[in-house]
Asker: 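Provided herewith is a single structure, encoded as structure tokens, for subsequent inquiry.
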Amino acid sequence: MAAKYKSDFLNVLEQRGFIHQISDPEGLDALAAKETITAYVGYDATATSIHIGNLITVTLLYWLQETGHRPISLMGGGTSMVGDPSFRDDQRKLLTVEQIATNIESIKKVYSRILRYGEGPTDAIMVNNADWLLKLNYVEFLRDVGRYFSVNRMLSFDSVKLRLDREQSLSFLEFNYMIMQGYDFTELNRRYGTVLQMGGSDQWGNIINGVELSHKMGGPQLYALTTPLLTKSSGEKMGKSASGAVWLNGELFSPYDFWQYFRNTEDADVVKWLRIFTRLSLDEIAKIGALGGSEINEAKKILATEVTAIVHGRDAAEQAATTASATFEAGSLDLSLPTTEVWKGELAAGIGLLNALVQAGLAGSNGEARRHVQSGAVRVNDDVVSDDRLTLGTAALLPEGVIKLSVGKKKHALLKPV
RNA sequence: GGGAGAGUGUCCCGAGCGGCAAAGGGGGCGGACUGUAAAUCCGCUGGCUACGCCUUCGUAGGUUCGAGUCCUACCUCUCCCA
């Protein structure tokens, strides 16, 4: 592939499909080719984990580091007190300081798996914008920073258009979010010489605000880079699964489910995802992508295993692959399927099938479980059952000492007496 | 402060003469077909100890045999006037 840029950094991003917009491509390219730059991505602390959408930008930081630059992962401890209104049609719930702190602790773990933190020139650093935002003095801040923001212009951003068009309230609190994010950028420049902020395409307006603020305050030239919004070829947004968001935290979303999520990638997206989410070389990806027809399933397995390895570790990835292979291909029992423990006395007395399905997390309520049974989706030990009043007793135990429950072709769980 | 409108099934959009568990979409889930894909077709999409019972239409009261629907107050939002 012909190199479009002078810097390794931008070339890698370009070739792997990470670039949506860059504020000044030539300027940034020249800088990155010449010296070690510091760039950052900001992350919300509104949940206990980050999700797949965030994984792209963490990967962005990974490639930044790989190509000889210094990444900063910014925790939004201060901005999460306000809540980003971008492209949202309602106000976020306000979080308490404690919740935010807990979330940050939980989120941190994921990053250290992907980025190399330390003190060296290209070691990643983690910062929390609460460190400077919470100390700000209101009037002082308005005079120093607020004066450079035009309300007319802020109202023209696409990110708030949704709210304004729907005639829904955009509180002053939220309106300040973009000012704070803009200020973050200049503050990170002052503290660490950060010259580049990256993020999803929805962050473009917010990032540009920082670039402009730096100008107006007489600061250095800053740059913005955004990644495309991830959508599946069929048009859906990526990152949602049956059970909600695809979290990177294994307690919220198991490695097995994570692997399955990527295993079920649509054909048309396989190569795109390989480039963005894995670290395989472009040559390897080209080879894998040449697989056609049902062989593309092999490509999906590689994709699933590689991404799972990055997020959950190689062992967990191999385990998930093995479990999947046994369950789906060999049709055999694999004891690493998600397992729910039941008290053996309870089993001896007999557990209702519907109840068991709910306990195993395969149905949200008895009613839903009943409907699944009635539509012929439920199997016990791989045999379809049609009686929703069936009772499971010790007789249903397989030689391995568990009962296998399935809803549909893809959802399996084990019931294990203890 | 004055005036006009809006809030519906806790995923979203959106109908709703006083008899409503509430039309119709989207999304999601399940089935068929496949390759754990897409597209297509079919079914399901409040809860329960289930021929019955319970909880739902911004909140709290009221009228009525009966209220999402009528009345009152309140909350939130939007627009116009001051």
Side-chain angles (χ1 to χ4, degrees), chain A residues 85 87-94 155 160-175 231-246 256-274 288-289 291-305 308 320-332 334 337-338 350-355 357-358 360-379 382 384-389 391 405-413:
Chain A
F87 300 97
R88 291 182 61 98
D89 59 2
D90 56 350
Q91 180 166 129
R92 288 169 190 261
K93 270 192 312 206
L94 283 180
L155 285 174
V160 296
K161 209 171 177 342
L162 183 67
R163 284 282 267 284
L164 299 174
D165 285 353
R166 287 198 189 187
E167 303 190 337
Q168 272 164 335
S169 165
L170 174 69
S171 71
F172 185 66
L173 173 80
E174 297 173 280
F175 199 50
T231 52
K232 300 183 186 180
S233 293
S234 50
E236 296 164 49
K237 266 186 209 161
M238 200 188 171
K240 293 286 178 198
S241 76
S243 38
V246 178
Y256 170 80
D257 286 329
F258 190 86
W259 194 92
Q260 284 296 327
Y261 181 81
F262 279 94
R263 174 63 183 80
N264 284 300
T265 297
E266 295 171 19
D267 287 8
D269 294 327
V270 174
V271 170
K272 185 158 96 183
W273 283 184
L274 279 167
I288 298 168
L291 298 171
S294 62
E295 286 188 328
I296 200 168
N297 283 320
E298 293 309 312
K300 293 182 188 179
K301 286 180 210 166
I302 295 172
L303 170 66
T305 303
T308 308
T322 307
T323 302
S325 154
T327 306
F328 288 95
E329 290 166 25
S332 59
D334 189 290
L337 283 170
I351 299 176
L353 173 62
L354 302 182
N355 183 5
L357 289 169
V358 172
L362 295 174
S365 68
N366 282 7
E368 188 186 332
R370 187 187 318 275
R371 286 191 293 270
H372 280 138
V373 173
Q374 285 165 356
S375 62
V378 174
R379 275 163 296 151
D382 296 321
V384 174
V385 292
S386 52
D387 178 10
D388 57 26
R389 284 180 308 191
T391 301
L405 299 173
S406 313
V407 170
K409 285 179 291 192
K410 299 181 186 174
K411 289 190 287 192
H412 308 280

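Note on naming: letters A, B, ... go to the chains in the order of the sequence lines (proteins, then strands), and numbering restarts at 1 for each one.
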Asker: What is the pairing partner of B/rC44, taking Watson-Crick or G-U wobble pairs with both distances under 3.5 Å in any strand?
Answerer: B/rG28
Asker: Mind checking the P distance from B/rU63 to B/rC75? Whole angstroms is fine.
Answerer: 23 Å
Asker: Of the listed nucleotides (B/rG31, B/rG35, B/rG30), which one gets closest to any side-chain atom of A/Lys409?
Answerer: B/rG31
Asker: Show your reasoning for whether salt bridge (Lys or Arg N to Asp or Glu O under 4.0 Å) applies to A/Lys301 and A/Glu298.
Answerer: CA-CA 5 Å; A/Lys301 286 180 210 166; A/Glu298 293 309 312; 3.0 Å; yes
Asker: Quick one: A/Asp269 CG to B/rG35 C1', roughly how many Å, whole number?
Answerer: 16 Å
Asker: Under a 3.5 Å cut-off for both distances, is B/rG61 Watson-Crick or wobble paired, and to whom?
Answerer: B/rC71
Asker: C1' atom, B/rA6 versus B/rU55: distance in rounded Å?
Answerer: 26 Å
Asker: Taking only the C1' atom of each, what is the distance from B/rU45 to B/rG35 in whole angstrom?
Answerer: 28 Å
Asker: Return no unless some side-chain N or O of A/Lys301 is found under 4.0 Å from OP1 or OP2 of B/rG35.
Answerer: no
Asker: Any sub-3.5 Å donor-acceptor pair from A/Glu295's side-chain atoms to A/Leu291's backbone N or O?
Answerer: no
Asker: Only pairs with both distances under 3.5 Å count, Watson-Crick or wobble alike; so what is the partner of B/rU36 in this structure?
Answerer: none
Asker: Looking only at side-chain N and O atoms, does A/Thr265 come under 4.0 Å of OP1 or OP2 in B/rA37?
Answerer: no
Asker: In whole angstrom, give me the gap between the P atoms of B/rU10 and B/rU59.
Answerer: 13 Å
Asker: Send over the distance from A/Phe262 CZ to B/rA37 P, rounded to a whole Å.
Answerer: 17 Å
Asker: Taking a pair as Watson-Crick or G-U wobble with both distances under 3.5 Å, which nucleotide is matched to B/rC51?
Answerer: none
Asker: Which whole number of Å gives the distance between the P atom of B/rG14 and that of B/rG52?
Answerer: 35 Å
Asker: Can you figure out which of B/rU36, B/rA38, B/rG35 approaches the side chain of A/Asp267 most closely?
Answerer: B/rG35
Asker: Per the atom types in the model, does the base of B/rU36 pair as donor or acceptor with the side chain of A/Gln260 at under 3.5 Å?
Answerer: yes
Asker: Please give, in whole Å, the distance from B/rA37 P to A/Ile288 CD1?
Answerer: 20 Å
Asker: RNA chain B: A/Gly364 or A/Ser294, which has the more 5' nearest nucleotide?
Answerer: A/Ser294
Asker: Taking CZ from A/Phe328 and P from B/rA37, how many angstroms apart are they, rounded to a whole number?
Answerer: 9 Å
Asker: Under 3.5 Å for both donor-acceptor distances, Watson-Crick or wobble: does B/rU56 have a partner, and if so which one?
Answerer: none
Asker: For the C1' atoms, the ones on B/rC42 and on B/rA50, what distance do you get once it is rounded to whole angstrom?
Answerer: 26 Å
Asker: Under a 3.5 Å cut-off for both distances, is B/rU78 Watson-Crick or wobble paired, and to whom?
Answerer: B/rA4
Asker: Can you tell me how far the CZ atom of A/Arg379 sits from the NE2 atom of A/His372, to the nearest 0.5 Å?
Answerer: 12.0 Å
Asker: Counting the atoms with a prime plus P, OP1 and OP2 as sugar-phosphate, which does A/Arg370 contact under 4.0 Å by heavy atoms, base, sugar-phosphate, or nothing?
Answerer: base
Asker: Is a donor-acceptor contact shorter than 3.5 angstrom present between the side chain of A/Asn366 and the base of B/rG47?
Answerer: no
Asker: Could you let me know what B/rA22 is paired to, Watson-Crick or G-U wobble, both distances under 3.5 Å, or none if it's on its own?
Answerer: none
Asker: On RNA chain B, check which nucleotide each of A/Gly367 and A/Gly376 is closest to and give me the residue with the more 5' one.
Answerer: A/Gly376
Asker: Is the gap between the ring centers of A/Tyr256 and A/His412 under 6.0 Å?
Answerer: no
Asker: Mind calculating the distance between CG (A/Leu362) and P (B/rG30) to the nearest angstrom?
Answerer: 10 Å
Asker: Rounding to an integer number of angstrom, what distance separates B/rG61 and B/rA67 when you compare their P atoms?
Answerer: 14 Å
Asker: Rounded to the nearest Å, what distance is computed from the CZ atom of residue A/Arg389 to the P atom of nucleotide B/rU49?
Answerer: 13 Å
Asker: For the pair made of CD in A/Glu368 and P in B/rC11, what is the distance, rounded to whole Å?
Answerer: 12 Å
Asker: Counting only side-chain heavy atoms from C-beta out, which of B/rG47, B/rC29, B/rU36 sits nearest to A/Arg371?
Answerer: B/rG47
Asker: To the nearest angstrom, how far is A/Lys410 atom NZ from B/rG35 atom P?
Answerer: 14 Å
Asker: If we take the C1' atom in both B/rG31 and B/rU36, what is their distance in whole Å?
Answerer: 15 Å
Asker: Could you check if a side-chain atom of A/Asn264 sits within less than 4.5 angstrom of a side-chain atom of A/Lys300, using non-hydrogen atoms only?
Answerer: no
